[in-house]
Amino acid sequence: MDKTSSRPGPRYALAGCVMAIVLAAGLLSNGYGLLVEQLPLTRHAPDWPGFLDGRVTAEIADTLAKTPLPAGSASLERGASWLAVGDLGPRVRQGCPDWLFLADELEPHAGGDDALRTRAREVADLRTRLAARGIELLVATVPDKSRIAASERCGVYRPAALEGRLREWNGILQASGVRTVDLEPVLRGLPVQGFLRTDTHWNEAGAEAAAGAIAAAARALPSAAEALKPHQAFAITRGQPQPLAGDLIRLAGIDWLPAPLLPALDQEPRTTFAPVADTAAPATEDDLFGDADLPRVALIGTSYSRNSNFVPFLEAALQTRVVNFARDGGEFAGAAQAYFKSEEFRDTPPRLIVWEIPERSLQRPLDGETDIWEAAAAR
């Protein structure tokens with residue numbers, strides 16, 4: 001099947017209509033603001049010197065910016081650009097039909113190799129500090145969507161310089177004694193793609209496969225018998241696929257368009273999970289849900305840990321409950337900084353910490369992340 005990097009049949013006529021609407025709406029908006037809301041066109045009486053030094057035109061621009069249209073004009077422009085030429089703005093790239101990618105995954109960072117090695121040393125240092133307290137650390141780095149779904153990139157360019165960073169990262173951590181989970185072969189080995197087409201994140205198939213690999217690594221730890229308590233089984237029910245408009249559609253600014261004009265929406269099954277009582281050792285409600293036997297596994301990470309039922313899949317694979325401290329937009333260290341400074345870590349430290357890290361954050365410029373190690377050392 002031939003794949004192209006642009007949408008079939010660009011809708012120039014429809015885009016032209018949208019642009020005409022934008023212009024007409026702009027005229028109406030400006031007229032409404034000036035005539036009905038009686039916005040003053042300028043703050044001072046216009047004069048020739050004011051025209052020459054740009055003061056008058058600047059004041060007119062400020063007034064027009066207060067009229068009703070500007071807040072929505074950017075969205076209209078984004079929709080028109082998408083319909084006309086398939087442009088999704090600076091942060092989203094379109095690959096094969098209906099496949100979107102985050103531009104940040106595709107951009108090398110100046111000094112990225114040094115940043116990666118610095119972060120690896122910090123993780124190794126944290127692992128030593130936690131081990132002194134009897135806490136295991138397990139690092140699972142999520143490969144870029146553009147790495148795993150390479151066959152769906154079509155014309156989207158991924159620099160060759162990025163290909164070795166995941167291997168280098170895991171290699172440095174392993175050489176430093178940090179236990180890692182290599183998710184790349186796990187996600188590549190799925191019979192279907194493990195990522196959503198219109199979203200940054202993995203789909204349920206990818207989340208379940210990653211959770212299974214992490215659980216297998218956790219069960220192999222020397223402290224597994226103590227860390228994976230209390231035991232909790234779960235009944236899993238697979239739901240019917242439902243349409244999902246991914247975050248890349250929102251990031252591109254076209255989520256306001258009707259569905260037929262968008263990339264084809266993902267279809268996700270919406271799996272549900274229900275705890276199952278342990279009949280071999282009946283437990284009271286306090287035992288299961290109270291403070292009598294708290295979970296001993298903590299998860300820190302990013303929005304990957306908050307999407308596609310990753311945590312329920314991880315709990316089901318571990319057969320124990322997991323406390324999720326992941327944060328949307330946390331990148332490399334956001335969740336770690338917050339967690340190691342928290343009362344939860346101070347008062348109820350876990351026996352195992354699973355740290356989910358997106359590959360794309362490894363080479364970002366360093367932004368004061370060493371604070372997390374100071375916070376962990378102080379506890």
Using side chain to side chain contact (heavy atoms under 4.5 Å, CB included) as the criterion, list what pairs up with Arg327, not counting sequence neighbours.
Ala335, Ala338
Can you list the residues that meet the side chain to side chain contact (heavy atoms under 4.5 Å, CB included) rule with Asn307, with sequence neighbours excluded?
His201, Ser303
Does any part of the side chain of [Y], heavy atoms only, come nearer than 4.5 Å to the side chain of [X], both counted from C-beta?
| X | Y | value |
| --- | --- | --- |
| Glu168 | Arg117 | yes |
| Thr302 | Glu331 | no |
| Pro241 | Glu268 | no |
| Leu183 | Pro143 | yes |
| Glu105 | Val156 | no |
| Pro275 | Gln232 | yes |
| Pro312 | Thr271 | no |
| Glu315 | Phe273 | no |

Where do [X] and [Y] come nearest, in terms of heavy atoms and distance?
| X | Y | result |
| --- | --- | --- |
| Ile148 | Gln193 | O-OE1, 4.0 Å |
| Val178 | Ala124 | CG2-CA, 3.7 Å |
| Ala215 | Ala317 | CB-CB, 3.5 Å |
| Ser305 | Asn324 | O-ND2, 3.2 Å |
| Pro350 | Tyr339 | CD-OH, 3.1 Å |
| Phe195 | Asn203 | O-ND2, 3.5 Å |

Carboxylate-amine/guanidinium proximity below 4.0 Å for [X] and [Y]:
| X | Y | result |
| --- | --- | --- |
| Glu204 | Arg270 | no |
| Asp113 | Arg165 | no |
| Arg129 | Asp125 | yes |
| Glu226 | Arg296 | yes |
| Asp255 | Arg250 | no |
| Arg360 | Glu107 | no |

Dump the intermediate steps for side chain to side chain contact (heavy atoms under 4.5 Å, CB included) on Arg93 and Tyr157, then the final yes or no.
CA-CA 10 Å; Arg93 299 287 180 270; Tyr157 174 67; over 6 Å; no
Enter the distance from [X]:[atom1] to [Y]:[atom2] here, rounded to the nearest 0.5 Å.
| X | Y | atom1 | atom2 | result |
| --- | --- | --- | --- | --- |
| Glu359 | Leu166 | CD | CG | 4.5 Å |
| Asp104 | Asp144 | CG | CG | 8.5 Å |
| Leu100 | Leu251 | CG | CG | 10.0 Å |
| Leu196 | Leu248 | CG | CG | 9.5 Å |
| Glu152 | Asp98 | CD | CG | 10.0 Å |
| Ile214 | Glu356 | CD1 | CD | 8.0 Å |

Hydrogens and angles aside, do Ser223 and Arg351 bring a side-chain donor and acceptor to less than 3.5 Å of each other?
no
Would you find a donor on one side and an acceptor on the other, under 3.5 Å apart, between the side chain of [X] and the backbone of [Y]?
| X | Y | answer |
| --- | --- | --- |
| Lys145 | Arg197 | yes |
| Asp199 | Asp247 | yes |
| Asp266 | Thr198 | yes |
| Glu208 | Phe313 | no |
| Arg119 | Leu362 | yes |
| Trp82 | Leu261 | yes |
| Arg188 | Arg147 | yes |
| Thr180 | Gln174 | no |
| Arg153 | Ser146 | yes |
| Arg78 | Ala252 | yes |

Is [Y] reachable from [X] through a run of I, L, V, M, F, W or Y residues, each pair having side-chain heavy atoms under 4.5 Å apart?
| X | Y | result |
| --- | --- | --- |
| Ile236 | Leu318 | no |
| Val139 | Val186 | no |
| Ile300 | Leu221 | no |
| Ile172 | Ile357 | yes |
| Tyr304 | Val322 | yes |

Honestly, is Arg364 close enough over Phe332, meaning NZ or CZ under 6.0 Å from the six-membered ring centre and within 45° of the axis?
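Arg364 over Phe332 ring: no.
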Could you walk me through whether Val323 and Arg321 pass side chain to side chain contact (heavy atoms under 4.5 Å, CB included), step by step?
CA-CA 7 Å; Val323 185; Arg321 287 175 286 137; over 6 Å; no
For the pair Phe345 and Phe340, name the ring-plane relationship: parallel under 30°, tilted 30 to 60°, perpendicular over 60°.
perpendicular
Determine, step by step, whether Trp169 and Val123 satisfy the side chain to side chain contact (heavy atoms under 4.5 Å, CB included) criterion, reporting the C-alpha distance in whole Å, the side-chain angles of both residues, the deciding distance to 0.1 Å, and the verdict.
CA-CA 11 Å; Trp169 169 257; Val123 173; 4.0 Å; yes
Does the ring center of Trp355 lie less than 6.0 Å from the ring center of Phe325?
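When the ring centroids of Trp355 and Phe325 are compared, they turn out to be at least 6.0 Å apart.
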Using the side chain to side chain contact (heavy atoms under 4.5 Å, CB included) rule, take Asp114 and His109 through it: C-alpha gap first, then chi angles, then the decisive distance, then the call.
CA-CA 10 Å; Asp114 290 338; His109 296 280; over 6 Å; no
More than 12 heavy atoms from other groups under 6.0 Å of CZ on Arg219
yes
